[in-house]
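Protein chains get the first letters and strands the later ones, always in sequence-line order, with residue 1 at the start of each.
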There are 4 protein chains.
Amino acid sequence: MILNPDQLNTNKDDISIHKDQFDNLASSLSRQNIQVDQIVNKLANFQIAIPSWALGAGGTRFGRFSYHGEPSSLEQKLEDIGVIHSLTKSAGAVSLHIPWDIPKDYNAIKELANSLDIKFDAVNSNTFQDQPNAKESYKFGSLSNTSQAVRDQAIAHNKEVINIGEKLGSKSITVWLADGSSFPGQSNFQTALSHTQNSLKDIYKSLPNDWKLFIEYKPYEPYFYSTVIQDWGTSFMLANECGEKAFTLVDLGHHLPNTNIEQIVSTLMLKGKLGGFHFNDSKYGDDDITVGSIKPYALFLIFNELVYGMENNPQNPELSWMIDASHNLKDPLEDLIQSLETIQITYAKALLVDQTKLKQAQENHDVSLCQEILQNAYLTDVRPLVKQARLQQQGALDPLKAYRLLSIREQLIKERGKNTVATGL
Amino acid sequence: MILNPDQLNTNKDDISIHKDQFDNLASSLSRQNIQVDQIVNKLANFQIAIPSWALGAGGTRFGRFSYHGEPSSLEQKLEDIGVIHSLTKSAGAVSLHIPWDIPKDYNAIKELANSLDIKFDAVNSNTFQDQPNAKESYKFGSLSNTSQAVRDQAIAHNKEVINIGEKLGSKSITVWLADGSSFPGQSNFQTALSHTQNSLKDIYKSLPNDWKLFIEYKPYEPYFYSTVIQDWGTSFMLANECGEKAFTLVDLGHHLPNTNIEQIVSTLMLKGKLGGFHFNDSKYGDDDITVGSIKPYALFLIFNELVYGMENNPQNPELSWMIDASHNLKDPLEDLIQSLETIQITYAKALLVDQTKLKQAQENHDVSLCQEILQNAYLTDVRPLVKQARLQQQGALDPLKAYRLLSIREQLIKERGKNTVATGL
Amino acid sequence: MILNPDQLNTNKDDISIHKDQFDNLASSLSRQNIQVDQIVNKLANFQIAIPSWALGAGGTRFGRFSYHGEPSSLEQKLEDIGVIHSLTKSAGAVSLHIPWDIPKDYNAIKELANSLDIKFDAVNSNTFQDQPNAKESYKFGSLSNTSQAVRDQAIAHNKEVINIGEKLGSKSITVWLADGSSFPGQSNFQTALSHTQNSLKDIYKSLPNDWKLFIEYKPYEPYFYSTVIQDWGTSFMLANECGEKAFTLVDLGHHLPNTNIEQIVSTLMLKGKLGGFHFNDSKYGDDDITVGSIKPYALFLIFNELVYGMENNPQNPELSWMIDASHNLKDPLEDLIQSLETIQITYAKALLVDQTKLKQAQENHDVSLCQEILQNAYLTDVRPLVKQARLQQQGALDPLKAYRLLSIREQLIKERGKNTVATGL
Amino acid sequence: MILNPDQLNTNKDDISIHKDQFDNLASSLSRQNIQVDQIVNKLANFQIAIPSWALGAGGTRFGRFSYHGEPSSLEQKLEDIGVIHSLTKSAGAVSLHIPWDIPKDYNAIKELANSLDIKFDAVNSNTFQDQPNAKESYKFGSLSNTSQAVRDQAIAHNKEVINIGEKLGSKSITVWLADGSSFPGQSNFQTALSHTQNSLKDIYKSLPNDWKLFIEYKPYEPYFYSTVIQDWGTSFMLANECGEKAFTLVDLGHHLPNTNIEQIVSTLMLKGKLGGFHFNDSKYGDDDITVGSIKPYALFLIFNELVYGMENNPQNPELSWMIDASHNLKDPLEDLIQSLETIQITYAKALLVDQTKLKQAQENHDVSLCQEILQNAYLTDVRPLVKQARLQQQGALDPLKAYRLLSIREQLIKERGKNTVATGL
């Protein structure tokens, strides 16, 4: 299903109301010496990858309620992303998961992606599940396993993922190592860590020169006592040991309660070691719910550090952005549209922070003023900026409204049926 | 120091910019069928009590950095609140702490308060510290102590607090019972709870007919293993056992990590047992920092329940509102001004939620739309509404700016000196 | 597979070493005026129900690694429990889950259970998953759903579960209501709570006179923003509104971080409203791992309250005990054996606490001594008492050792094959 | 007050009961091929430093209940430690806090310490409080402050602390940097971290060749939004940048909820970067309560890693051990005696773990057996081993009992009076 730009914004009143609101906001921001057009351009250029596993319904250990019209092939997944990208103009990339999404015909897939203006972002390996004909089981770990044979299988899989990525034009691989233990004593921490180091170094050796290796961290789940790469400190240490093409990847849901994530982001950028970002939100654990649905101000504080780092840390490479959420209750496409909207809104707010005034207030220890500066940016209703950025690129003024107006889900169900199941979790 | 309304808004440009912004917002809200003037009136009528202990610098167990020009008498505390109220028009009440603030001349104090348009909200008892000439020590508890003599002293103190409150025109007493234990085994939970029940019932017997008894809860601190009234469930149970004039009081900082506070608020209002609210914010424990400085969206969700409850729960009485924060790093008056601003802003956003549409979306299980409705209200920049409400009452357009422009702190230091210390923590 | 008591303890040396260790401990305890034989009898009488879903491998949302020789019918589940009970003499009950375990032939099942000395403990309903031919979906809740039709279906299911339980001789039903929401605004808290109250009252009306209704609580999962029955306070309130046959059930894993669970247990017993207990352990969330594998001292403190309550709270009925764990990495039968061992050990330690001395020390505020008294009991190696209780009843001295020596898992695999899958999660 | 060994164990029966219990345990352990005498020797050699600030009553921000007979000079503090060491034979070191404990006469202090068999462990600097005549304030940070003058003062103070330590024979300095911020925006994370790096490097340059620099970390308190050295990763990074004499110091209370501390310990020892350890316990935050009073099994798991590391990680230096607790409710000396007892007990249990069998079970992925091995050690009542180690060195069989029997606190009150106040928090 290809969306025609003409279909997206059919209501003239909406456009005219937007123009008024944008003009009001622009003049108000101009009074604060903010270059509105630069911000709109930055928003227009900001692209977030959609993971191929986020297009179907996710589940919990207690069950799964599937969604109608789910994509059942890689082609259909790309088409879904194409729909989102047409509407939002901010989803111009896909992040593939192997082995769920191995292309059968590389050229065809690349052409399809190209026609939809979608790039191939980081590829993801999977060593947390056993594959049907695998010789070794990952039940007790993969890259960290005490068994050489299991480690070798996991290393080989990661190298294969790199190969697949190369054929598609990806430039990075993300390793989420689920390995860990559920009981004290089950695993020797030092042995597991050493094996992991060596396995990652081995994978790193196969990394093409223009690639990056992203190492995720997570404190728990699917194991419930320990995780080999439990925190940013461990990931950072491993990345340093691998070399200069290895980086830490931050997933917002992978932290203990009350962690100051924005400070982690800031430290990693100062050290030139932040590679990428997985967006989602959570109240309790790795809940993987819609970006910004629970803690939007925390997201703003993180973006404030990201904006600062992108301005001030040339030692850090360009970041990979991805949404990594699980859609149990909503239409996955609607959820992704809401997530993209929130990311754009939050980025826009962070761009409004007056960094010069803030620095001055910090040096004066004028704590009240520091807070005023941040909150002034946060409280501003920036939706007109985000809409303007979309309109500039012929996207939809209001993507969710357009998605519903165009009855896209209904068409997908008609095409695909009610009982398709997307590969994934 | 009495502030003259004429001093507050001297910049004509600011006023005219505000008028524009208010008009723009008002017309945008009118398109959504929102009665803007009703909202402005609700904001104007919303008054939050300032606790008498929040006007000086607070400390931590690691030390205290005092602030210059602190009030050193009850009269000076009232004057400080008078300043804040003149600026914000939303701090028209004081909550006294006994024994820190026992008036020497009741009539004089009442006259002073009256002249400043300040009412006497809930009075607070203190049984977590020993007083100089007290016979019994609260080291091992007060209302819950195994010793009858200690309990009697604590009960008598609470009754005295009620007496003091009656003379001033207060209509409620807040009991924060710090009692608890720091080590397993130190205390028998059932004995401590039973003693507490009986002590509260005894205090309740002395409660005037038109008074309310507010029972706070808190999971830990100053004791580190258990607290007699550890959660809302315990407070609710105790309030039910006391009678219909007893209520639960929610302090935002008194919860375990990740607690869904808004749901607690909702349940208590449904049962007609929410008595009052202590505002502050926190990232880790009972951090007592500025309202909305960490989790403004959580505050919005709480206000959403409060607004719903005030509309739909006639079984619940009018609520007592109080700021309960500790000001370690900022000028306490600036901190209070910021807190009041945030409360007004958040209340305004909650008033924008379209309850009819929300109910409809909930019944349709249209989860994406439910989220849109809440976030549409939250993302709106409502500051013009709050400013308008203040202007209507001859308050300051921008209270913090006016406070600084008028050099109020400098004048307080000139009057009071650098080394005054306010009673409190 | 029926185990013959003669098979269980074939090593004479082990028995003789045990006798020595038991005698040493008994004489040491006698010096402390402890009635050793009474404790051994209490241990012998303590029976814990095994849930029918705990006999196969559990999984996480990231996958499941199945275990060989899993039971594929209710009969085989009972046989597995029979094996555990033969070895431990402490698993003399089963807790069935409906619809996973609806008997086809009630008489045959009752006879089988009887022959294995297994009683039917609480029956469990399931309204968190959709059943193949169900008319209504529980995706957006069951007893709390805004739709009358869904609520009716869920109520009818609970009534059917009671009917099934009656035919088997159960005397209680456990309702774990998973209902909740994953996004702010998705659900109206007051509506959901009111519907739940009414639904529970309706179920309660069908409760036989000699039955009990257990109401679980849980703060999150499978929903990630709110849960209708989020804490003990809500469960307690609902149980009070249902009537005197309704009680709160505590599952150890269903609490926010740092919750003082032992105090909850104590309060509920004081109020006569603790109905039952689900044992497991966790470090992060509802991890459902082996009892006592992470926080054995917390378990001891809980048992200390349970022992105190069983001695001092005649207002509270006899408790239902159940293990509720998920076995992802271990042989489920081994895991259950370890869980039962830990429960018995912890109960034994709690029975050693000198309640008279403790009460005295508490009244003297002798905090150091209070701690000494608890820790003296906890530090005692009570394994000889637990072994003695098993030997008295012809169980195995060391159940796990016997289980392995007898190659029970190998036999189960031979009988059942490698690829059976138990119903459950 | 000097305790005579003859006074300590006057009850012959106690000795004879101990001998029996020790023999029974020794023969049981010998059957498991454990070298009992080696373990007893290890216990005898294990010495833990007492911080000079732990000998008086601590407080909370809500107040302080002082204890009678507190030491009011450094000499009296050493005498208190001398009492504890005479009784326990495990407190043969003191850790001084500057400026609270600057000696007036170095030789006299050294002689006194020597006569009491007390060594000078790490010295501690203080840049979290302002000193009476200090030129600069640490209200907004010390080593991380934006002001060069403040940083210089803090650096100079640390260098002075090293000088004082050198005169006493200390070989290490512990830097607990409280610096942080209480509000988003108050501090620029990157600037604060860079300043801290440079300040630490400057201090490091003044470090004598045979000294070590210990860098603590802590997530929050006394600041409530961010801490410059928030976690082990930051401390480890800073230590690496300082050089090979810089190490991370772990304080048990300085972690977010649910942190797997034992894994951190393990990683640091593998990397040769664990310098020291501060013992205490907590349920909620940095509660600083008696070691092992809340989570004794977590302490065991940590000791299991420490024992493993001391055996297998020659790359890591000998560790500095210190108790760092705050005594609000108990006699501080009793609390320290209980803490030392728990540390010794836990160390003994960890020494019982059969590392060879454990390694084998880990390689076989025999998770149940791994758990059995750890729990077998943990469940063993090792108190006879600890007593034996004390008796060998002429300490008290039961230190707390002896302390009370000898009426030591009463004597201290007689000597010092009721209203002395120890320097400290």
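Contact annotation for B:Asn258: neither backbone nor side-chain heavy atoms come within less than 4.5 Å of a heavy atom of chain D. Proximity to chain D (any heavy atom under 4.5 Å) is shown, for B:Phe65, by both the backbone and the side chain. With a 4.5 Å cut-off on non-hydrogen atoms, D:Thr290 touches chain B through its backbone and its side chain both. Using a 4.5 Å cut-off between heavy atoms, D:Asn328 touches chain B through backbone and side chain atoms alike.
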Please determine whether side chain to side chain contact (heavy atoms under 4.5 Å, CB included) holds for the pair D:Glu221 and B:Thr60, giving the CA-CA distance in whole Å, both sets of side-chain angles, and the decisive distance to 0.1 Å.
CA-CA 8 Å; D:Glu221 197 208 23; B:Thr60 72; 5.6 Å; no
Stepwise salt bridge (charged side-chain N to carboxylate O under 4.0 Å, His left out) test for B:Asp130 and D:Arg64
CA-CA 9 Å; B:Asp130 287 346; D:Arg64 181 180 179 273; over 6 Å; no
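Of all the heavy atoms in D:Ser182 and B:Ile289, the pair that sits closest is O-CD1, 3.4 Å. Nearest heavy atom pair, residue B:Phe224 against residue D:Lys283, reads O-CB, 3.7 Å. Contact detail for D:Phe140 and B:Leu329: the closest heavy-atom pair is CZ-O, 3.7 Å.
Here the options are D:Phe128, D:Trp53, D:Tyr220, D:Tyr138, the test is ring-ring contact (aromatic ring centres under 6.0 Å, His included), and the partner is B:Phe62; only D:Phe128 passes.
Listed for the B:Tyr284 side chain is a donor-acceptor partner under 3.5 Å among the backbone atoms of D:Tyr225.
Within residues 293-300 of chain B, the residues having any heavy atom closer than 4.5 Å to a heavy atom of chain D are B:Ser293, B:Ile294, listed by residue number.
Between chain B and the residues D:Asp288, D:Asn126, D:Asp287, the largest count of heavy-atom pairs under 4.5 Å involves D:Asp287.
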